[in-house]
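In this chain, numbering begins with 1 at the start of the sequence shown. Every heavy atom of this structure was used, including side-chain atoms; hydrogens, water molecules and symmetry mates were not.
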Amino acid sequence: MKDVYILGIETSCDETSISIVKNGETDIATSILTQINTHASFGGVVPEIASRLHSENITLVLEDLLNKTDLTINDIDAIAVTYAPGLLGSLLVGLEFAKTLSLVYKKPLIKVHHIAGHIYANNLEKKLDFPLLALIVSGGHSELVLMKKDYDFEVLGKTLDDAVGEVYDKVAKVLDLPYPGGPNIEKYALKGKNTYSLPKSVLNDELNFSFSGLKSAVINLVHNEKQKKKEINKYNLAASFQEVAIEQLVRKTKIAIMKTNVKRLIIAGGVSANQYLRKEMEKLAKEYNIKLSVPSMKYCTDNATMIAAAAYPLYLKKEFSELNINAKSTDKLFEEKIN
Ligand code: KG4
Ligand code: ZN
């Protein structure tokens, strides 16, 4: 079969990224321009600024990408783009850019869900083999999903309140750590010890997650200590929080492994960059003799490589989009019905 080259575009949050991927598994070239430094001074992503910066930079990112490869747009088989979920103004910049390329160069357009991108980032490491269990951990998601084939998602468990990445960000904020919160909590945790006693989730519900109790406990603890004019040890609190948060992810994943008996586990989403989570998951995989794959660090946070990779199974099924598709700030990749 002829090789398939997909050009992917990702602008859902604060990274402007374009990439070319061969056959859904080989990164030919990737360009990423992050806006982190701009947003960090505001303590979080400012949507209006994000979309303006995408608009300013997207053409330059394409130019940079094309300078990295001998391929030209004529060699591309399809244009893939993140259409949801994310910041609407930001998504629209990428979507309109993708539609224009699709129209002018007569290439099929493929809309990709951002979380599918995070899942298929694993395909850039090692080809996904099914059935597999996916632990999806990002700023908006905490789910355990069974995949029996491409784009087949059976939700085994999900968070009943906050997503784990969101809680990392909130805890970082209450500790006055800079944006982005997750990586900074991880850095602080490395220098601290689990000395604060924080509540483990005691949800009876076997495979669902809950992080709001942990979040509130950290917030209350910080406020109480402040009222008493006592110093918080941020390193120790970061370490204590991280241990409890990750313990829950590991515990639920373990139950899912035992229930499904799958032999392959993947982690997807921004929190998969966390080294402590990766180590704990490695231990679990070893214990149950299952194959674990995690995205390489450069594909954990938002990038277009994963979008082009996720578009490949859709290309094979000829699931192309019309030129009038719209961006969506929220959209489900899978039904969140728990069996
Ligand atoms: O997947 P992602 O880039 O965005 C969404 O699609 O939501 O994930 C972003 C989330 C943020 O909550 C961020 O704090 C978290 O991933 N994150 C981390 C780490 N790197 C990013 N959380 C913990 N440890 C990290 N190293
Ligand atoms: Zn993401």
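A salt bridge links K291 to D129: at least one charged side-chain nitrogen sits closer than 4.0 Å to a carboxylate oxygen. Ion pairing of E280 with K283 is present here, as a side-chain N (NZ or NE/NH1/NH2) and a carboxylate O approach within less than 4.0 Å. Between K252 and E206 there is no salt bridge, since none of the side-chain N atoms of the basic residue sits less than 4.0 Å from a carboxylate O of the acidic one. Note on D77 versus K2: salt bridge recorded, some NZ/NE/NH1/NH2 to OD/OE distance being below 4.0 Å.
Formation of a donor-acceptor pair under 3.5 Å by the S240 side chain with backbone atoms of Y196 is found in this model. Proximity of a side-chain donor or acceptor of K200 to a complementary backbone N or O of V244 within less than 3.5 Å is not detected. When atom types are taken as modelled, the side chain of N220 and the backbone of A217 share no donor-acceptor pair closer than 3.5 angstrom. Between the K99 side chain and the L323 main chain, a donor and an acceptor come within less than 3.5 Å of each other.
Between Y120 and Y151, the ring-plane angle classifies as parallel under the 30° and 60° cut-offs. Classified by interplanar angle (parallel below 30°, tilted 30° to 60°, perpendicular above 60°), the ring pair Y235/Y188 is parallel.
In the displayed structure, Y105 atom OH is contacted under 6.0 Å by at most 12 heavy atoms of other residues, nucleotides or ligands. For CG of D70, the number of neighbouring non-hydrogen atoms (other residues, nucleotides, ligands) closer than 6.0 Å is 12 at most. Atom CZ of R52 is surrounded by 12 or fewer heavy atoms from other residues, nucleotides or ligands within 6.0 Å. The number of heavy-atom neighbours closer than 6.0 Å to CD of E247, taken from other residues, nucleotides and ligands shown, is above 12. When the shell of 6.0 Å around NZ of K68 is examined, it contains more than 12 heavy atoms from other residues, nucleotides or ligands. Other residues, nucleotides and ligands place more than 12 heavy atoms under 6.0 Å from the NZ atom of K126. Atom NZ of K286 is surrounded by 12 or fewer heavy atoms from other residues, nucleotides or ligands within 6.0 Å. Heavy-atom neighbours of N67 CG from other residues, nucleotides or ligands within 6.0 Å: above the threshold of 12.
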Take E225 and K228, measure what salt bridge (Lys or Arg N to Asp or Glu O under 4.0 Å) needs, and give me the verdict at the end. CA-CA 5 Å; E225 296 296 272; K228 289 188 225 153; 3.6 Å; yes

Apply side-chain contact (heavy atoms from CB on, under 4.5 Å) to residues I232 and L221 and explain how you reach the verdict. CA-CA 9 Å; I232 291 276; L221 193 148; 3.8 Å; yes

Could you walk me through whether M281 and T253 pass the side-chain contact (heavy atoms from CB on, under 4.5 Å) test, one step at a time? CA-CA 9 Å; M281 285 296 170; T253 307; 3.5 Å; yes

Determine, step by step, whether L292 and E282 satisfy the side-chain contact (heavy atoms from CB on, under 4.5 Å) criterion, reporting the C-alpha distance in whole Å, the side-chain angles of both residues, the deciding distance to 0.1 Å, and the verdict. CA-CA 7 Å; L292 168 72; E282 272 164 28; 3.8 Å; yes

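Checked by atom type, the side-chain pair S210/D161 shows a donor-acceptor distance below 3.5 Å. Looking at T305 and T30, their side chains do bring a donor and an acceptor atom within 3.5 Å of each other. Defined by atom type and a distance below 3.5 Å, a donor-acceptor pair is present between the side-chain atoms of S12 and E10. Between the side chains of S201 and R251, no donor N or O sits under 3.5 Å from an acceptor N or O. Side chains of N194 and E243: a donor-acceptor N/O pair is present below 3.5 angstrom, by distance only. Defined by atom type and a distance below 3.5 Å, a donor-acceptor pair is missing between the side-chain atoms of Y299 and N123. In this structure, a donor-acceptor pair under 3.5 Å is present between the side chains of Y168 and Q242. Of the N and O atoms on the side chains of H54 and T16, at least one donor lies less than 3.5 Å from an acceptor on the other residue. Checking H114 against D302 by side-chain atom types alone, a donor-acceptor pair falls below 3.5 Å.
In this structure, L91 and L87 have side chains that are not in contact, with every pair of non-hydrogen atoms separated by 4.5 Å or more. For the pair V271 and L277, the minimum side-chain heavy-atom distance is below 4.5 Å. A 4.5 Å side-chain heavy-atom check between E125 and I266 finds every atom pair outside the cut-off. Between L284 and I257, the closest side-chain pair of non-hydrogen atoms falls below 4.5 Å.
For the atom pair CZ (F320) and CD1 (I325), the distance works out to 13.0 Å, reported to the nearest 0.5 Å. In this structure, CG on N57 lies 12.0 Å from CD on E15, to the nearest 0.5 angstrom. In this structure, the separation between NZ on K106 and CD1 on I73 is 14.0 Å, given to the nearest 0.5 Å. Here the straight-line distance linking atom CG of N122 with atom OG of S296 works out to 10.0 Å at 0.5 Å rounding. The structure places CD1 of I79 at 12.5 Å from OG of S321, a figure rounded to the nearest 0.5 Å. Atom NE2 in H113 sits 9.0 Å away from atom CZ in F153 (nearest 0.5 Å).
Just one of D64, L66, L60, T59 meets the side chain to side chain contact (heavy atoms under 4.5 Å, CB included) condition when paired with L62; it is L66.
Annotation: cation-pi pair K111/Y83 present, NZ/CZ under 6.0 Å from the ring centroid and within 45° of its normal.
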